[in-house]
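Notes follow once the structure below has been shown.
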Amino acid sequence: MAPRFCGLGTPCSLCLRAAKWLPVLFIVIVVVWSYYAYVLQLNLFTITNIIEKCFYLIIYHVLLVMFLWAYWQTIFTEIGTVPKQFRLPPSELDRYEAGETDEARRSVLEGFTQKQNLPIYNRTVMGEIRYCERCVQIKPDRCHHCSVCGVCVLKLDHHCPWVNNCVSFTNYKFFVLFLGYALLYCLFIAATTLQYFILFWKFPSTFPSSTSQNQLTVDGKFHILFVFFVSIMFAISLVSLFGYHVFLVLKNRSTLESFRAPIFRLNHAWVQDKDGFSLGACNNFIEVFGEDRRKWFLPVATSLGDGVTYPQRCIDEDQDGLLGPRHRWADDDESEMAYTGYSNHHTQSLEEVVVQSNHTNPV
């Protein structure tokens, strides 16, 4: 089946693309307003203690920079697309489409996979190779098709409208940091405005509005009260979302894999296992955040691997070992090299969590 193209006209397509940025624009507007309410109305116009004012402003701007940095990286980091080696060439595509039975089409995919030596270990429930009809290519492990972006994405977690991008292998670390720093940003604003919220609530007459000169003070009171409520509401929603993704990191799962477990070959049978890629909480964290501790909480790319091949917890006897030879797949043939995935130190730690082939843990 040939790739499907959008039949929308140019004006309609532009409107849809513009509409997708509305959630991002909403976040930006809220952040800009919170800056005005917190920095100007609270710190510059309300707080009189210089030490308290400087402390609040320094911590606030550090959190703001980290939050916006991670948000920018999540939005504008390109999604990981499938290397060209997984795409069926015209000759193979003709054979696949000409197949009259499922068995014939399955044979074409199996032959192409073996010919290209593709590192495919996850299959469908029936043990078939996962193939995308729209992209005309075989799906690598943990890869899924995004209906919004219209392409197959490496280790797709979900498509997030709040960042107008897929959360996937390339930007998953940035997304987790974005949630974490956004939560800290909201909690800090709520904690530091709480005393003024209580003061304004108990003593409303402290800021009279009898003269136009004091009207700015009344407006400032409104902004401070409102930014407290908004920060609390956002913090409540973020704490559950951030906690859930921390759980996914430690389990080495994506959101899609939590609802639909990947399928592995185990004891010569295809079984579902949500923990098939789990190497232990520490190793799972390192796989996403990298081995350099100095960069763990910085929105810079440090995730291990290439997004195509992943170490597995359970490997069947008739497949290569967890630390067997892998290949780094890239469109530039000159850049291909043997895939080790991890440094020697990390590799030794992975060997300790390999489960023997007689382990069964179907979901």
What I'd like to find out is whether the side chain of [X] reaches to under 4.5 Å of the side chain of [Y], using heavy atoms alone.
{"X": "V308", "Y": "P83", "answer": "yes"}
{"X": "V136", "Y": "L93", "answer": "yes"}
{"X": "V82", "Y": "C135", "answer": "no"}
{"X": "E92", "Y": "V108", "answer": "yes"}
{"X": "I189", "Y": "L42", "answer": "no"}
{"X": "L154", "Y": "S168", "answer": "no"}
{"X": "F277", "Y": "N284", "answer": "no"}
{"X": "L225", "Y": "K221", "answer": "yes"}

(message) Walk me through whether Y181 and W69 qualify under ring pair (Phe, Tyr, Trp, His ring centres under 6.0 Å).
(response) CA-CA 10 Å; Y181 285 121; W69 186 7; 9.0 Å; no
Classify the angle between the aromatic ring planes of [X] and [Y] as parallel (below 30°), tilted (30 to 60°) or perpendicular (above 60°).
{"X": "H61", "Y": "Y35", "value": "perpendicular"}
{"X": "H223", "Y": "Y36", "value": "perpendicular"}
{"X": "Y71", "Y": "F67", "value": "parallel"}
{"X": "F197", "Y": "F229", "value": "perpendicular"}

How many angstroms lie between atom [atom1] of [X] and atom [atom2] of [Y], to the nearest 0.5 angstrom?
{"X": "R123", "Y": "W270", "atom1": "CZ", "atom2": "CH2", "result": "4.0 Å"}
{"X": "W72", "Y": "F174", "atom1": "CH2", "atom2": "CZ", "result": "13.5 Å"}
{"X": "Q41", "Y": "F226", "atom1": "CD", "atom2": "CZ", "result": "14.0 Å"}
{"X": "L63", "Y": "I58", "atom1": "CG", "atom2": "CD1", "result": "12.0 Å"}
{"X": "H145", "Y": "C152", "atom1": "NE2", "atom2": "SG", "result": "6.0 Å"}
{"X": "H158", "Y": "S258", "atom1": "NE2", "atom2": "OG", "result": "12.0 Å"}

Answer yes if the side chains of [X] and [Y] hold a donor-acceptor pair under 3.5 Å, and no otherwise.
{"X": "T74", "Y": "N165", "value": "no"}
{"X": "Y60", "Y": "T192", "value": "no"}
{"X": "D157", "Y": "T255", "value": "yes"}

Expected output: side-chain [X] to main-chain [Y] donor-acceptor under 3.5 Å:
{"X": "R253", "Y": "A261", "value": "no"}
{"X": "K173", "Y": "P299", "value": "no"}
{"X": "N171", "Y": "C166", "value": "yes"}
{"X": "S107", "Y": "A104", "value": "no"}

So, do [X] and [Y] have ring centers that fall under 6.0 Å from each other?
{"X": "Y131", "Y": "Y96", "answer": "yes"}
{"X": "F234", "Y": "Y185", "answer": "no"}
{"X": "F178", "Y": "H245", "answer": "no"}

Minimum heavy-atom separation for [X] to [Y], with atom names?
{"X": "N252", "Y": "R142", "answer": "O-NH2, 2.9 Å"}
{"X": "D141", "Y": "P119", "answer": "OD2-O, 3.9 Å"}
{"X": "T113", "Y": "L109", "answer": "OG1-O, 2.8 Å"}
{"X": "Y310", "Y": "G307", "answer": "OH-O, 3.0 Å"}
{"X": "N49", "Y": "I51", "answer": "OD1-N, 3.0 Å"}
{"X": "I47", "Y": "E52", "answer": "CG2-OE1, 3.8 Å"}

(request) Check side-chain hydrogen bond (donor to acceptor under 3.5 Å, both in side chains) between R17 and all other residues, then give those that pass, not counting sequence neighbours. (result)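 So R17 forms no side-chain hydrogen bond (donor to acceptor under 3.5 Å, both in side chains) with any residue.
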(request) Output all residues satisfying side-chain hydrogen bond (donor to acceptor under 3.5 Å, both in side chains) with E103, sequence neighbours left out; order by chain, then residue number. (result)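 With sequence neighbours excluded, E103 shows a side-chain hydrogen bond (donor to acceptor under 3.5 Å, both in side chains) to R106, given in chain and number order.
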Indicate if [X] and [Y] have the same hydrophobic cluster label, given that clusters are the connected sets of ILVMFWY residues with side-chain heavy-atom separations under 4.5 angstrom.
{"X": "L179", "Y": "F247", "value": "yes"}
{"X": "F169", "Y": "I79", "value": "no"}
{"X": "I138", "Y": "L256", "value": "no"}
{"X": "I27", "Y": "V65", "value": "no"}
{"X": "V30", "Y": "L187", "value": "yes"}

(request) I would like to know whether C143 and R130 meet side chain to side chain contact (heavy atoms under 4.5 Å, CB included); could you show each step before the answer? (result) CA-CA 9 Å; C143 173; R130 300 187 313 126; 4.3 Å; yes
(request) Apply ring pair (Phe, Tyr, Trp, His ring centres under 6.0 Å) to F228 and Y196, showing your working. (result) CA-CA 9 Å; F228 173 79; Y196 297 96; over 10 Å; no
(message) Between T309 and Y121, does the side chain to side chain contact (heavy atoms under 4.5 Å, CB included) criterion hold? Intermediate values first, please.
(response) CA-CA 9 Å; T309 56; Y121 299 96; 5.7 Å; no
(message) Looking at R105 and E133, is any side-chain nitrogen of the basic one under 4.0 Å from a carboxylate oxygen of the acidic one?
(response)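 No salt bridge links E133 with R105.
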(message) If you count heavy atoms of other groups shown closer than 6.0 angstrom to NZ of K53, is the number above 12?
(response)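 More than 12 within 6.0 Å, yes.
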(message) Would you say CD of E78 has more than 12 non-hydrogen atoms from neighbouring residues, nucleotides or ligands within 6.0 angstrom?
(response)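 Not more than 12 within 6.0 Å, no.
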(request) Please test Y172 against S303 for side chain to side chain contact (heavy atoms under 4.5 Å, CB included), starting from the C-alpha separation and ending with a verdict. (result) CA-CA 9 Å; Y172 187 64; S303 298; over 6 Å; no
(request) Decide side chain to side chain contact (heavy atoms under 4.5 Å, CB included) for L156 and S254; before the verdict, give the C-alpha distance in whole Å, the side-chain angles of both, and the deciding distance to 0.1 Å. (result) CA-CA 7 Å; L156 175 64; S254 66; over 6 Å; no
